[in-house]
Amino acid sequence: MAEVDHLAAERATARFDVEEMKVAWAGSRHAVHVADRMARLVASDPVFRKDNRTMLSRKELFKDTLRKAAHAWKRIVELRLTEEEADLLRQYVDQPGYVDLHWGMFVPAIKGQGTEEQQHKWLPLAYKFQIIGCYAQTELGHGSNVQGLETTATFDPKTDEFVIHSPTLTSSKWWPGGLGKASTHAVVYARLITEGKDYGIHGFIVQLRSLEDHSPLPGVTLGDIGGKFGSGAYNSMDNGVLRFDHVRIPRDQMLMRLSQVTREGKYVHSNVPKQLLYGTMVYVRQSIVADASKALSRAVCIAVRYSAVRKQFGSQDGGPETQVLNYKTQQSRLFPLLASAYAFRFVGDWLNWLYTDVTQKLEAKDFSTLQEAHACTAGLKAVTTSVTADAIEECRKLCGGHGYLNSSGLPELFAVYVPACTYEGDNVVLLLQVARILMKTVSQLASGKQPVGTMAYMGKVQYLMQCKSAVSSAEDWLNPDAIQEAFEARALRMAVNCAQNISQAASQEEGFYERSPDLLEAAVAHIQLIIVTKFIEKVHQEIPGHGVKEQLQALCNVYALYILHKHLGDFLATGCITPRQGALANEQLGKLYAQVRPNAVALVDAFNYTDHYLGSVLGRYDGDVYPALYEEAWKDPLNETVVPEGYHEYLRPLIKQQQLKLSRL
Ligand SMILES: CCCCCCCCCC/C=C\CCCCCCC/C=C/C(=O)SCCNC(=O)CCNC(=O)[C@H](O)C(C)(C)COP(=O)(O)OP(=O)(O)OC[C@H]1O[C@@H](n2cnc3c(N)ncnc32)[C@H](O)[C@@H]1OP(=O)(O)O
Ligand SMILES: Cc1cc2nc3c(=O)[nH]c(=O)nc-3n(C[C@H](O)[C@H](O)[C@H](O)COP(=O)(O)OP(=O)(O)OC[C@H]3O[C@@H](n4cnc5c(N)ncnc54)[C@H](O)[C@@H]3O)c2cc1C
């Protein structure tokens, strides 16, 4: 804990029990305790130091990542950490690397798509790191369009093998994390060809490198795809390229839970939906939503603490200047992001519940909720990552000039985070998937089919298409029913408008294509409704701790009214609210910001992040920002010598030449 607490006065104004808010944020007392232990374990270990990361070359950074991953594994084994503890420890190490793909995609792909026998064979090897795996789906020519992948897996009945081949340059696997330098194996997605027929995309376990000396196996060409956006950041990851030249694998390395190829070469598809092939992506999209609240809360924690320390203007007579956090503009930019961090946290928890529920149903051969799982994971992944990426950049600006320094932690956080808008499904492509499901649901309303799950509100079509908001004062917007109704009416009316416009096109396909920009907005409205609904539901639950429920209630209202204000055009154009009601919402928002202000620092303390994890001199717990900024500057390699390298070659001759010229005048 800090010796001098420059934020003590801020902490003293909090009107709620911070320790209890930590429980609400983490999900349980147990979760707070485990996270706390793992965060401190990492922070106190010199191997996990990361303050010098942006100054390392790519090679040094990659080696540092290998070292950290090996050390993390050593500690996990030595301390006999549970799976929950190990996952948290890796998260707090906070450096993207091959282990993310090994645990996050390779293992889940085998679990989800492998038969019991295959799981029995491969998972123990993966669990003990006797093999290292990655997820090789995307190709140079195709990423979003999975059905367009070109790599082939042709069955050879003579030898009982598949022949994996990259027929073109564009079929080179391109992007898989961990592939470039670390992985020994990959789950490779390829077109299955047997008996001369192409059966589309399937997964195969393929060994890439020797387990003796790590050299590529015959017929395998692979390497890293090169440096990426930002210093440090995602460059710790070896995203790779991979080409196959007729590489043979045994038939039993096709992942055969969903479909099989017999010894004779017959293709047999089990009686399950084909989309289960996309199951690993659904799993990771769900994890990415949980991860969004972490990244967003880190950025917000830095910006709130620094805004409470930073002072500018306001003093006419030599008195103290104003904390920038007191400026209404700073509050109206920052507090919605604080509220969004909480909103994403709770919707992430709910999505995790949904995912677990759907998985259990699938085990029991009930596929009825597959579409709901797809729509929610795809849509929430798209909205939460887009908002978080923009919000990190906004937090950088909220920290003024110092936010641009690497030592603020924000540039690296942004650079690491921003590809989340692209990987695991480009956000636009994913929102169009949600839009398709919305259009399907609207078209089924006429036949009387009652929508279920997060689409259930569409069943109230008669009412929601004509209802008028009853709000007549700013306070009325504090009523969750008023908020819920406005968001439901907006989402439904936008979807119905799109459906009506599409129905006037020559074909459904053409209409969808022409109206896709509107469809994106309708999908966003639907997903925002889900986030608002889940936040309202959370606040309705019993929440222990002095003042905790009240603070969450205020944040829930901030989130909802901020979205309403930002998308006022949607609400007005669909006639859900009047311009006067829009103005009342904005008035109420201002009052809510004033309510959040004295609690702001305590609300970010509740995230319970160590200074190590935050990695920011601006976000320090003790708020002692200026000495830290000053000290940090001197650590830059450029300051190792007083006179810079290059002075004698370039600066001195230039200065001397100019001096000579002047002396001749
Ligand atoms: C240090 C920590 C260590 C610990 C490890 C843990 C880490 C895990 C946690 C992670 C946390 C944070 C994340 C950070 C790390 C992440 C690293 C990032 C790695 C990135 C990996 C990748 O990017 S992998 C590649 C991803 N690729 C994509 O996402 C491709 C996107 N494209 C598609 O999904 C499909 O092509 C698309 C859906 C767009 C189209 O499908 P298609 O079949 O061609 O056609 P449609 O006609 O549209 O669909 C047909 C029907 O199928 C339905 N459907 C589509 N998708 C799904 C689905 N997924 N599930 C169910 N149903 C689906 C669709 O609705 C259609 O239905 P209909 O009824 O016929 O209309
Ligand atoms: C850091 C990082 C890590 C990754 N890790 C992995 C990994 O481990 N394994 C793996 O297999 N892959 C990985 N990928 C690849 C990733 O999954 C793809 O990049 C992603 O799915 C997007 O596909 P794309 O690159 O083909 O984009 P494109 O589809 O080419 O997108 C280009 C543009 O076209 C637009 N667009 C595309 N289709 C449509 C459409 N139908 N309608 C409207 N607009 C459209 C997009 O919105 C985008 O603006 C990774 C990528 C990154 C950046």
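Values in this document were obtained by computation on a predicted structure and should not be read as measured data. As the structure lists them, so they are numbered: ligands from 1, and atoms in each ligand from 1. Numbers here simply count residues along the sequence, with the first being 1.
- Under a 4.0 Å heavy-atom criterion, G97 is not in contact with ligand 1.
- Using a distance-only test at 3.5 Å, with no hydrogens or angles considered, no donor-acceptor pair links the side chain of S166 to the main chain of S172.
- Not a single heavy atom of Y417 sits closer than 4.0 Å to an atom of ligand 1.
- The number of heavy atoms from other shown groups lying within 6.0 Å of CD (E60) is above 12.
- For E509, the CD atom is loosely surrounded, since the number of other residues' heavy atoms within 6.0 Å does not exceed 12.
- For ligand 1 and V146, the ligand atoms under 4.0 Å from any heavy atom of the residue are 30 (C), 32 (N), 33 (C), 35 (C), 36 (O).
- Of all the atoms in ligand 1, the ones that sit under 4.0 Å from a non-hydrogen atom of K440 are 68 (P), 69 (O), 71 (O).
- In terms of N/O distances under 3.5 Å, ligand 1 is approached by G425.
- The number of heavy-atom neighbours closer than 6.0 Å to CZ of R37, taken from other residues, nucleotides and ligands shown, is above 12.
- Heavy-atom proximity to Q433, at under 4.0 Å, picks out these atoms of ligand 1: 37 (C), 38 (C), 39 (C), 40 (C), 48 (O), 55 (C), 64 (C), 65 (O).
- Looking only at heavy atoms of the protein, atom 21 (C) of ligand 1 is closest to E424 OE1, 2.9 Å.
- In this structure, S144 has a heavy atom closer than 4.0 Å to ligand 1.
- Atoms of ligand 1 found under 4.0 Å from any heavy atom of Y135 (numbered from 1 in listed order, with element): 24 (S).
- Closest to atom 1 (C) of ligand 1 among all protein heavy atoms lies D100 OD1, 2.8 Å.
- Contacts of ligand 2 (protein heavy-atom distance under 4.0 Å) are L101, Y135, Q137, T138, G143, S144, W175, P176, G177, Y234, N239, P419, T422, Y423, E424, G425, D426, V428, V429, L432.
- A side-chain donor from one of Q260 and S270 sits under 3.5 Å from a side-chain acceptor of the other.
- The side-chain heavy atoms of V300 and L296, taken from C-beta on, include a pair separated by under 4.5 Å.
- S236 contributes a side-chain N or O that, together with a main-chain N or O of P96, makes up a donor-acceptor pair within less than 3.5 Å.
- Residue contacts with ligand 1 for L430 are absent, since no atom lies close enough (heavy atoms, distance under 4.0 Å).
- Remark: minimum distance from atom 11 (C) of ligand 1 to any protein heavy atom is reached at S287 CB, 3.8 Å.
- Close contacts between ligand 1 and R90 involve ligand atoms 1 (C), 2 (C), 3 (C) [criterion: under 4.0 Å to a heavy atom].
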For residues 452-459, tabulate all N or O donor-acceptor pairs below 3.5 Å that involve a side-chain atom, not counting sequence neighbours.
from : atom 1 : to   : atom 2 : distance (Å)
T454 : OG1    : E372 : OE1    : 2.8
T454 : OG1    : E372 : OE2    : 3.1
Y457 : OH     : H526 : ND1    : 2.9

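- Taking only nitrogen or oxygen atoms, main chain and side chain alike, Y278 reaches within less than 3.5 Å of ligand 1.
- If you check which protein heavy atom lies closest to atom 17 (C) of ligand 1, you get Y234 OH, 3.7 Å.
- Atom SG of C376 is separated from atom CD of Q371 by 10.0 Å, given to the nearest 0.5 angstrom.
- Between Q207 and T184, every side-chain heavy-atom pair lies at or beyond the 4.5 Å cut-off.
- The protein atom (non-hydrogen) at minimum distance from atom 14 (C) of ligand 1 is Y423 OH, 3.8 Å.
- Atom numbering of ligand 1 starts at 1 in the shown order; those under 4.0 Å from a heavy atom of I288 are 13 (C).
- Checked by distance only, ligand 1 and D87 stay at 3.5 Å or farther apart across all their nitrogen or oxygen atoms.
- The local environment of CD in E83 is sparse, with at most 12 non-hydrogen atoms from other residues, nucleotides or ligands closer than 6.0 Å.
- Between the side chain of Q286 and the backbone N or O of Y283 there is at least one donor-acceptor pair closer than 3.5 Å.
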Which donor-acceptor pairs under 3.5 Å do side chains of residues 510-524 form with protein atoms, sequence neighbours excluded?
from : atom 1 : to   : atom 2 : distance (Å)
R515 : NH1    : D518 : OD2    : 3.4
S516 : OG     : Y513 : O      : 2.9

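- Looking only at heavy atoms of the protein, atom 19 (C) of ligand 1 is closest to L101 CD1, 3.8 Å.
- Around atom 29 (O) of ligand 1, the closest heavy atom drawn from Q95, R285, Q147, H374 belongs to R285.
- A salt bridge between D245 and R243 is absent, with no side-chain N of the basic residue lying under 4.0 Å from a carboxylate O of the acidic one.
- Atom 27 (N) of ligand 1 has as its closest protein heavy atom Q137 NE2, 3.3 Å.
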Step by step, work out the side-chain hydrogen bond (donor to acceptor under 3.5 Å, both in side chains) result for N427 and T385.
CA-CA 8 Å; N427 283 352; T385 57; 2.8 Å; yes

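- The protein heavy atom nearest to atom 50 (C) of ligand 1 is Q275 NE2, 4.1 Å.
- Across G104, P96, G148, G177, heavy-atom proximity to atom 6 (C) of ligand 1 is greatest for G104.
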Test log, rule side-chain hydrogen bond (donor to acceptor under 3.5 Å, both in side chains), inputs E150 and T168:
CA-CA 8 Å; E150 296 176 76; T168 58; 2.9 Å; yes

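- Under the ring pair (Phe, Tyr, Trp, His ring centres under 6.0 Å) test applied with Y135, the options F106, Y423, Y189 reduce to a single match, Y189.
- Which parts of ligand 1 touch G143 is read off a 4.0 Å heavy-atom cut-off, strictly below it: atoms 30 (C).
- For the residue pair Q253 and H185, no side-chain donor N or O sits within less than 3.5 Å of a side-chain acceptor on the partner.
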In residues 342-351, what donor-acceptor pairs under 3.5 Å come from side-chain atoms, sequence neighbours left out?
from : atom 1 : to   : atom 2 : distance (Å)
Y342 : OH     : L603 : O      : 2.8
R345 : NE     : W25  : O      : 2.8
R345 : NH2    : W25  : O      : 3.4
R345 : NH2    : A26  : O      : 3.3

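- The presence of a protein heavy atom under 4.0 Å from atom 45 (O) of ligand 1 is ruled out.
- Closest to atom 49 (O) of ligand 1 by heavy atom, among M237, R436, M281, is R436.
- Close approach of ligand 1 to W103 (heavy-atom distance below 4.0 Å) involves ligand atoms 5 (C).
- Neither the backbone nor the side chain of K274 comes within 4.0 Å of ligand 1, counting heavy atoms alone.
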